[in-house]
Protein chains: 2
Amino acid sequence: MRVALSKSENELLKSIYRQGRDNGRVHTGVLADLLGVAPGTITAVVKRLAERNLLDHNPYRGVELTQAGRRAAVAVMRRHRIVERFLSDMLGYAWNEADRLAGSFEHHLPQEVEDRLYVALDRPASCPHGFPIPPPDVAEIPEMPPLYSLEPGDVATIAVPGSTDASVVEFLGAMGLRPSVRVEVKEKHPFDGPLVLEVDGHMRTVSEKVARQIFVKTEELFEERI
Amino acid sequence: MRVALSKSENELLKSIYRQGRDNGRVHTGVLADLLGVAPGTITAVVKRLAERNLLDHNPYRGVELTQAGRRAAVAVMRRHRIVERFLSDMLGYAWNEADRLAGSFEHHLPQEVEDRLYVALDRPASCPHGFPIPPPDVAEIPEMPPLYSLEPGDVATIAVPGSTDASVVEFLGAMGLRPSVRVEVKEKHPFDGPLVLEVDGHMRTVSEKVARQIFVKTEELFEERI
DNA sequence: ATCTCCTTTTTGATGGCTCAAAACCAGGGT
DNA sequence: ACCCTGGTTTTGAGCCATCAAAAAGGAGAT
């Protein structure tokens with residue numbers, strides 16, 4: 001890993017990491033859609049990355065991150081989340097605005113500045129969306145299950161992805177369902193029915209569809225971390 | 001000015017602005033040296049910039065900024081200085097370290113973030129080196145004369161360029177000659193002799209050579225600004 | 001008026017990023 | 001087994017940044 005990766009290389013690693021959590025192998029077409037770029041472009045970037053042993057490329061059959069690739073991908077996510085924190089904590093952006101802007105300049109930030117930023121922000125444990133900021137140099141970020149996977153009695157802290165559409169974000173806001181908020185599942189209606197939660201003393205109902213777009217850090221994971 | 005300028009275009013504008021303050025016309029060779037790049041590279045960038053009417057190019061005879069080019073160059077300097085302030089005020093970098101780092105990512109910062117940063121920093125009037133941060137959209141930054149151009153009795157605030165070499169910076173520090181410090185000229189020895197200053201209650205002597213590397217904002221300019 | 005020297009511009013080359021369109025293959029249907 | 005189709009890779013092209021080396025121009029010297 002002699003020289004720094006370019007912006008598109010970094011973005012590609014991130015996308016592969018996210019897509020490949022369970023699937024393992026990721027197809028270039030998926031990546032092209034995800035990054036909004038022509039299919040040929042992905043192949044070109046993939047080739048350079050495979051050259052550097054950051055991923056395995058099985059022509060016509062998909063790509064998979066190597067250990068080094070996973071580490072690089074996680075580093076990209078770490079940086080992204082630190083920059084988001086900077087945008088929200090220091091510049092006053094709302095949590096749902098930070099995502100968009102961070103992507104536009106995070107790749108050019110020197111490592112040194114990222115490190116100082118992390119310290120200046122007081123070593124935050126999570127980004128404004130509620131996702132954890134991993135330690136440097138790890139190859140995995142703890143998986144966060146969807147809110148809908150919880151059962152009555154479970155308690156968890158929620159995270160809301162930056163990709164959530166604006167109307168949903170507004171709806172969640174009205175119910176106090178903001179990142180890093182603690183919730184307890186009270187009821188889960190059968191047959192993909194809605195979830196009833198206690199949020200900040202209030203009872204709230206969310207549909208299955210919405211509860212699959214929200215992710216959670218459960219108590220056990222929470223404790224481990226302390 | 002439809003689309004954003006690239007990094008090298010921005011750097012080139014800045015260099016031409018600085019070189020061309022008095023000379024007017026600047027030769028490409030000078031710019032190649034300044035930016036540490038092959039002469040042909042400068043010609044290529046100059047061509048694109050001339051296309052956009054940011055500068056006049058007289059082949060084999062040098063370039064000159066247009067009005068729009070001056071405005072763009074000043075915007076680049078404004079951004080650079082704001083980022084320097086961020087590095088020093090928010091991340092704790094020493095004033096003489098900020099310069100180097102700022103250059104590495106300032107060009108990728110969205111305008112929007114620059115604006116927010118400026119506000120979050122409390123609309124600073126100058127960069128950590130003591131040079132003024134111009135208002136948006138102007139085509140000139142007030143010229144700062146060298147310290148050596150002052151006469152006994154003159155009072156001024158000093159600015160120290162980022163290009164000053166480390167040993168000189170250390171020497172200046174030992175005498176309390178830091179950016180934005182107020183000095184009064186007490187004596188000026190003839191025949192390019194040294195300058196005697198009062199700095200923070202102490203009498204200090206600096207050679208002509210050093211006094212030409214430091215720049216000043218005189219009282220009159222200072223008052224105007226308030 | 002010419003010539004020479006120094007500077008500037010042009011000309012290939014490379015590498016990153018991207019696209020559209022052509023060529024290519026893998027796997028499913030027959 | 002064979003072929004078709006849809007997704008994947010290649011190819012050809014353009015733009016930016018950069019270099020080394022070749023070509024061209026200017027300006028002063030003869």
Side-chain angles (χ1 to χ4, degrees), chain A residues 1-16 19-20 23-65 69 72 76 103-108, chain B residues 1-16 19-20 23-65 69 72 76 103-108:
Chain A
M1 211 209 286
R2 300 183 325 295
V3 86
L5 298 167
S6 73
K7 172 167 171 149
S8 23
E9 290 164 342
N10 278 316
E11 284 302 315
L12 188 57
L13 287 174
K14 210 201 288 183
S15 294
I16 297 174
Q19 283 301 305
N23 333 26
R25 200 161 260 124
V26 184
H27 285 267
T28 58
V30 179
L31 297 167
D33 287 349
L34 233 47
L35 299 180
V37 97
T41 305
I42 298 294
T43 310
V45 181
V46 157
K47 252 184 171 169
R48 289 201 304 274
L49 250 21
E51 204 87 343
R52 292 192 183 218
N53 297 310
L54 293 173
L55 44 82
D56 270 343
H57 182 205
N58 257 35
Y60 292 102
R61 232 170 274 150
V63 298
E64 195 169 0
L65 291 173
V76 175
S104 63
F105 68 96
E106 56 182 17
H107 305 295
H108 305 282
Chain B
M1 207 210 289
R2 298 183 326 293
V3 85
L5 298 167
S6 71
K7 171 167 171 150
S8 23
E9 290 165 342
N10 277 318
E11 283 302 315
L12 187 58
L13 286 174
K14 209 200 291 183
S15 293
I16 298 173
Q19 282 301 306
N23 335 21
R25 198 161 262 123
V26 185
H27 285 267
T28 57
V30 179
L31 297 167
D33 287 349
L34 231 47
L35 298 180
V37 101
T41 304
I42 297 294
T43 308
V45 181
V46 157
K47 253 186 173 167
R48 289 202 305 272
L49 251 21
E51 203 87 339
R52 293 197 183 213
N53 297 310
L54 293 174
L55 44 81
D56 271 344
H57 183 205
N58 257 36
Y60 292 103
R61 229 169 274 148
V63 298
E64 196 168 0
L65 291 172
V76 174
S104 62
F105 68 96
E106 57 183 14
H107 304 296
H108 305 282

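Naming convention: chains lettered A, B, ... in sequence-line order (proteins, then strands); numbering from 1 in each chain. Worth knowing before you read on, the calculation uses all heavy atoms, side chains too, and leaves out hydrogens, waters and symmetry mates.
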Problem - Proximity to the side chain of A:Tyr60 - top-ranked nucleotide from C:dT9, C:dA26, D:dT10 - result: C:dA26
Problem - Interatomic distance, B:His27 NE2 vs D:dG25 P [rounded to whole Å] - result: 18 Å
Handout entry: Candidates C:dC19, C:dT8, D:dT9 - which lies nearest the side chain of A:Ala38
Key = C:dC19
Exercise for the section: Determine the contact category for A:Ser6: base if any of its heavy atoms lies under 4.0 Å from a base atom, sugar-phosphate if only primed atoms, P, OP1 or OP2 are that close, otherwise nothing. Expected result: sugar-phosphate
Fill in the blank from the handout: Assert: residue with more 5' nearest nucleotide on DNA chain C, out of A:Pro59 and A:Lys7, is A:Lys7
Exercise for the section: Could you list by number each residue of residues 28-37 of chain A showing a heavy-atom separation from DNA chain D of less than 4.0 Å, or answer none if no residue does? Expected result: A:Thr28, A:Gly29
Practice task
Grab the CZ-P distance between A:Arg52 and C:dG16 for me, whole Å please.
Solution key: 8 Å
Practice task
Select one nucleotide: of D:dT10, C:dG27, C:dT18, the one nearest the side-chain heavy atoms of A:Thr43.
Solution key: D:dT10
Handout entry: Separation of atom NE2 in A:His107 from atom P in C:dG16, rounded to whole Å
Key = 17 Å
Practice task
Pick base, sugar-phosphate or nothing for B:Pro39, based on heavy-atom distances below 4.0 Å to the nucleic acid.
Solution key: base
Practice task
Return the value, rounded to whole Å, for the distance between atom NE2 of B:His57 and atom P of D:dG25.
Solution key: 13 Å
Practice task
Select one nucleotide: of C:dT8, C:dT10, C:dT18, the one nearest the side-chain heavy atoms of B:Lys47.
Solution key: C:dT10
Problem - Interatomic distance, A:Glu11 CD vs C:dT18 P [rounded to whole Å] - result: 10 Å
Completion exercise
A:Ile42 CD1 to C:dT18 P, in whole Å, measures 8 Å
Handout entry: Atom pair distance, as rounded to whole Å: CG in A:Leu5 and C1' in C:dG15
Key = 15 Å
Practice task
Work out which heavy atom in A:Lys14 is nearest to a heavy atom in A:Glu106; give both atom names and the distance.
Solution key: NZ-OE2, 3.5 Å
Handout entry: Side-chain (B:Glu9) to main-chain (B:Ser6) donor-acceptor, under 3.5 angstrom
Key = yes
Problem - Short side-chain donor-acceptor distance under 3.5 Å, A:Glu11 and A:Ser8 - result: no
Handout entry: Length of the line joining B:Leu12:CG and D:dT18:C1', which is rounded to integer Å
Key = 14 Å
Practice task
Could you tell me whether the phosphate oxygens of D:dG26, OP1 or OP2, come under 4.0 Å of any side-chain nitrogen or oxygen in B:Arg61?
Solution key: yes
